[in-house]
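As structure tokens, the structure follows; a few thoughts come after it.
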Number of protein chains: 2
Amino acid sequence: MAHHPEDAARTRLIEAAGEIFAEQGYESATIREICARAGANVAAVNYHFRDKLGLYGAVIRHIAVNPDLPGSVSEDPEKALRGFISAMLGKLVLGGQGRQWHLRIMVHELARPSDGLPIIVEELIGPRYALLRSIISAIVHLPSDHDTVRLSAHSIIGQIAHYIHGRPVLGHVWPAMQFTPEQVEQVAGHIAEFSLAGLRKIAGTSKQ
Amino acid sequence: MAHHPEDAARTRLIEAAGEIFAEQGYESATIREICARAGANVAAVNYHFRDKLGLYGAVIRHIAVNPDLPGSVSEDPEKALRGFISAMLGKLVLGGQGRQWHLRIMVHELARPSDGLPIIVEELIGPRYALLRSIISAIVHLPSDHDTVRLSAHSIIGQIAHYIHGRPVLGHVWPAMQFTPEQVEQVAGHIAEFSLAGLRKIAGTSKQ
DNA sequence: GACATCCTAAAACACTTGTTTTAATCTGGT
DNA sequence: ACCAGATTAAAACAAGTGTTTTAGGATGTC
């Protein structure tokens with residue numbers, strides 16, 4: 001079947017699409033821009049992936065192959081939470097070399113869901129949501145599907161996501177925040193300590 | 001000039017546009033749908049407001065006339081914070097009768113900024129951001145423009161906003177959350193207590 | 001070398017968007 | 001009743017979108 005060397009065009013399309021989907025989100029990304037970056041014709045995406053949504057799914061499945069999730073919660077759950085927040089925020093705002101745009105795609109889907117939301121939820125959001133809940137569960141000593149654990153998970157995700165898609169607004173109301181690596185670390189530290197205080201209080205009240 | 005009774009069409013357009021902008025955001029809202037709901041012709045918006053952005057500005061200026069912000073921080077800042085969160089979340093997710101869609105427009109602009117962002121920041125986001133920071137400032141005993149106060153304000157806003165535009169995702173990962181009035185109150189209470197724990201810890205460490 | 005198959009290229013299609021044009025209609029003052 | 005100006009209505013315009021068509025070129029096989 002693969003008469004060509006590794007289906008070069010198909011691969012280039014997935015890579016280019018991953019970047020552009022991560023930058024602009026599913027709806028705003030245009031097939032023409034993707035094909036231009038991939039050096040391919042507009043018809044190529046329909047030929048290889050049937051339609052735009054098919055390309056989206058291929059991108060997700062392509063990055064779902066090598067996941068970046070730790071297998072289990074670290075021995076120290078508070079340390080694990082700090083790591084989770086810092087890694088997520090770092091990869092998101094500092095871009096990060098290598099094709100790690102899956103997190104950005106995920107956050108885009110949080111803010112403005114598209115037709116591909118079910119795929120994203122299954123492949124990207126679900127696993128991270130479960131991991132975060134298991135970390136929180138270990139901190140507050142409550143089952144992973146307890147309402148309070150879920151609410152806390154959303155509190156943490158909400159804070160992280162806010163710094164991603166709220167960046168243009170931040171530029172207006174807080175011009176000093178330039179998202180330098182040091183500032184990003186400061187933000188991650190704040191979110192972690194802020195949230196840990198909330199979680200410790202929950203742990204305290206639920207133990208009684 | 002105003003030969004017509006109160007410029008009926010112009011007013012109807014602003015009201016319909018407010019609703020639709022609040023539902024879908026600036027970009028997704030279409031002039032045709034707005035005019036259909038207002039019972040006006042597509043050319044009316046260009047005649048009365050020059051273009052789509054002009055209509056957007058008129059909507060914002062129209063609601064900026066009667067603000068809903070309390071004049072000053074209450075005597076009890078923790079109570080004020082609880083009220084801020086509860087009121088904001090309630091108006092946002094429960095919709096609320098009366099033209100109170102300005103908050104929803106604001107949150108849309110947080111998630112996906114449009115050309116109208118400067119207007120929204122100046123008229124809507126700015127005042128609320130200042131109010132929230134003054135509340136936090138009173139709790140943590142730090143100046144209103146301190147980095148920690150700003151970070152905390154964004155932590156709280158991020159949590160609230162997350163429950164608005166993340167609703168479709170929540171439907172997937174947490175089907176039990178149906179946003180009934182009781183559940184919304186539960187969420188508001190969680191955000192308030194979670195955040196207050198974080199703020200109290202900041203107050204404690206900064207006092208030393 | 002001919003052939004079937006996979007892939008690519010250019011153009012057109014169908015649809016939606018904001019915007020503009022052009023003419024018709026209504027309004028109030030004289 | 002008439003007229004100037006304000007308002008509305010219908011249609012068309014221009015640009016952008018995803019998608020499809022149609023023909024051409026490349027590649028490995030016999």
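Chain A is the first sequence line, chain B the second, and so forth, proteins listed ahead of strands; every chain is numbered from 1.
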Go through the steps to decide whether B:F194 and A:L151 satisfy the test side-chain contact (heavy atoms from CB on, under 4.5 Å), and finish with yes or no. CA-CA 10 Å; B:F194 190 88; A:L151 287 166; over 6 Å; no
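- Around atom CD of B:E122, no more than 12 heavy atoms belonging to other residues, nucleotides or ligands sit under 6.0 Å away.
- Rounded to 10°, the helix from C:dC7-D:dG24 to C:dT30-D:dA1 has 30° between the axis fitted to its first five pairs and the one fitted to its last five.
- The nearest whole Å value for the distance from the CG atom in B:D115 to the P atom in C:dT19 is 10 Å.
- Residue A:R32 places no side-chain atom within donor-acceptor reach of the base of D:dG16, judged by atom type and a 3.5 Å distance cut-off alone.
- Note: CD1 (A:I34) to C1' (D:dG18) measures 11 Å, nearest angstrom.
- Rounded to whole Å, the distance from CZ on B:F49 to P on C:dG18 is 15 Å.
- Nucleotide C:dT16 holds its P atom 15 Å from the CD atom of A:E27, rounded to whole Å.
- Between the C1' atom of D:dT19 and the CG atom of A:L13 lies a distance of 15 Å, rounded to the nearest Å.
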Walk me through whether A:M177 and B:H154 qualify under side-chain contact (heavy atoms from CB on, under 4.5 Å). CA-CA 12 Å; A:M177 171 55 68; B:H154 293 293; over 6 Å; no
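- For the pair A:K52 NZ and D:dT19 C1', the computed distance is 12 Å after rounding to whole Å.
- Separation of the B:H102 and B:F21 ring centroids does not fall under the 6.0 Å cut-off.
- Salt bridge status for A:R112 with A:E27: absent, with no side-chain N to carboxylate O gap under 4.0 Å.
- Atoms OG and CG, from A:S134 and A:D145 in turn, are 12.5 Å apart once rounded to the nearest 0.5 Å.
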What is the per-nucleotide protein-contact pattern of nucleotides 20-25 of chain C, from the 5' end, where B denotes a base atom under 4.0 Å from a protein heavy atom, S denotes such proximity for sugar-phosphate atoms only, and - denotes neither? BB----
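- Taking the side chain of A:Y47 as heavy atoms from C-beta on, and the options D:dT19, C:dC7, D:dA6, the nearest nucleotide is C:dC7.
- One N or O on the side chain of B:K52 and one on the backbone of B:Y26 form a donor-acceptor pair closer than 3.5 Å.
- Remark: P of D:dT17 and CG of A:L53 are 18 Å apart, rounded to the nearest angstrom.
- Within the structure, every side-chain polar atom (N or O) of B:H48 is placed at least 4.0 Å from both OP1 and OP2 of D:dA6.
- Residues passing the salt bridge (Lys or Arg N to Asp or Glu O under 4.0 Å) test with A:R82 are A:E78, A:E193, sequence neighbours excluded.
- Side chain of A:Q159 to backbone of B:Q159: no donor-acceptor contact under 3.5 angstrom is found.
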